[in-house]
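Inspection log for the structure reproduced underneath, given as structure tokens.
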Amino acid sequence: MPKTLARLRTLAFQHQSGRCYYCCCPMWQKSPEAFAATFHLSKRQAHTLQCTAEHLHARVDGGGDFESNIVAACRLCNARRHQRKDARDAIHHKAHVARLMGRKRWHDPWVFEKVLHSGAGR
Ligand SMILES: [Zn+2]
């Protein structure tokens with residue numbers, strides 16, 4: 001039986017130790033409340049870091065739901081990649097995100113202040 005997308009997402013989440021493929025931020029899968037409590041976030045902030053299934057080779061370009069094509073990415077990284085008309089491929093998107101993360105500009109300041117420097121949840 002083929003694995004469902006939800007199952008593939010969970011596998012990727014575990015494989016990546018719960019961190020986003022692009023920005024390396026911690027993500028949540030099932031409990032936004034617990035995540036928000038751990039990092040002292042609002043519901044809306046926690047929503048940004050929900051784990052989503054990201055197709056490395058996009059579905060619109062024929063990329064399928066199989067293990068080697070699915071990574072776990074936070075909602076923001078996933079959405080931003082695909083909101084562009086000329087969506088970047090995964091490798092370039094990752095480099096782009098890493099560059100901006102280095103300048104603390106990809107996510108809102110609260111991510112850098114509360115999630116990446118809090119030491120919570122590690
Ligand atoms: Zn991300």
Side-chain angles (χ1 to χ4, degrees):
M1 210 169 104
K3 293 190 177 91
T4 64
L5 192 58
R7 175 80 186 120
L8 292 170
R9 186 193 65 215
T10 299
L11 283 173
F13 181 86
Q14 289 163 352
H15 184 70
Q16 295 165 218
S17 308
R19 287 180 176 260
C20 174
Y21 177 75
Y22 295 118
C23 69
C24 300
C25 287
M27 304 178 289
W28 59 272
Q29 278 213 111
K30 285 180 184 138
S31 175
E33 294 84 8
F35 188 84
T38 301
F39 295 106
H40 310 287
L41 306 177
S42 69
K43 244 192 192 160
R44 215 178 119 251
Q45 290 173 330
H47 184 72
T48 308
L49 294 173
Q50 181 177 10
C51 177
T52 64
E54 158 77 338
H55 292 73
L56 289 176
H57 188 55
R59 221 169 348 195
V60 288
D61 299 327
D65 295 354
F66 43 85
E67 216 165 324
S68 60
N69 195 42
I70 301 295
V71 293
C74 73
R75 184 169 289 287
L76 180 130
C77 287
N78 195 339
R80 283 206 183 147
R81 178 179 167 208
H82 298 291
Q83 79 193 180
R84 292 167 52 105
K85 229 188 212 157
D86 54 335
R88 293 184 190 90
D89 64 51
I91 303 290
H92 286 100
H93 188 55
K94 190 168 183 168
H96 173 75
V97 174
R99 210 161 35 234
L100 289 178
M101 283 300 285
R103 289 189 229 147
K104 301 195 175 180
R105 280 182 47 204
W106 179 250
H107 278 290
D108 286 340
W110 62 262
V111 171
F112 300 97
E113 288 158 14
K114 296 184 173 183
V115 178
L116 293 173
H117 292 289
S118 70
R122 281 181 204 160

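Given the structure is predicted, the values throughout are model-derived calculations rather than measurements. First listed ligand is number 1; within each ligand, the first listed atom is number 1.
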Does any N or O in the side chain of Gln45 come within less than 3.5 Å of the main-chain N or O of Trp110, such that one atom is a donor and the other an acceptor?
->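 No, because the side chain of Gln45 does not come within donor-acceptor range (under 3.5 Å) of the backbone of Trp110.
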Can you list the residues that meet the salt bridge (Lys or Arg N to Asp or Glu O under 4.0 Å) rule with Arg88, with sequence neighbours excluded?
-> none
With sequence neighbours left out, write down each residue that passes salt bridge (Lys or Arg N to Asp or Glu O under 4.0 Å) with Glu67, or none if nothing qualifies.
->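 Expected list: Lys3.
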For the residue pair Val97 and Cys77, what are the closest heavy atoms and their distance?
-> CG1-SG, 4.3 Å
Would you mind writing out the side-chain donor-acceptor pairs for residues 55-64 within the sub-3.5 Å range, not counting sequence neighbours?
{"residue": "His55", "atom": "NE2", "partner": "Asp65", "partner atom": "OD1", "Å": "2.6"}
{"residue": "His57", "atom": "NE2", "partner": "Asp61", "partner atom": "O", "Å": "3.2"}

Where does the angle between the aromatic ring planes of Phe35 and Trp28 fall among parallel (under 30°), tilted (30 to 60°) and perpendicular (over 60°)?
-> tilted
How many protein atoms of type N/O/S are positioned less than 2.8 Å from the Zn ion (ligand 1)?
->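 Protein N, O or S neighbours of the Zn ion (ligand 1) under 2.8 Å, waters not counted, come to 4.
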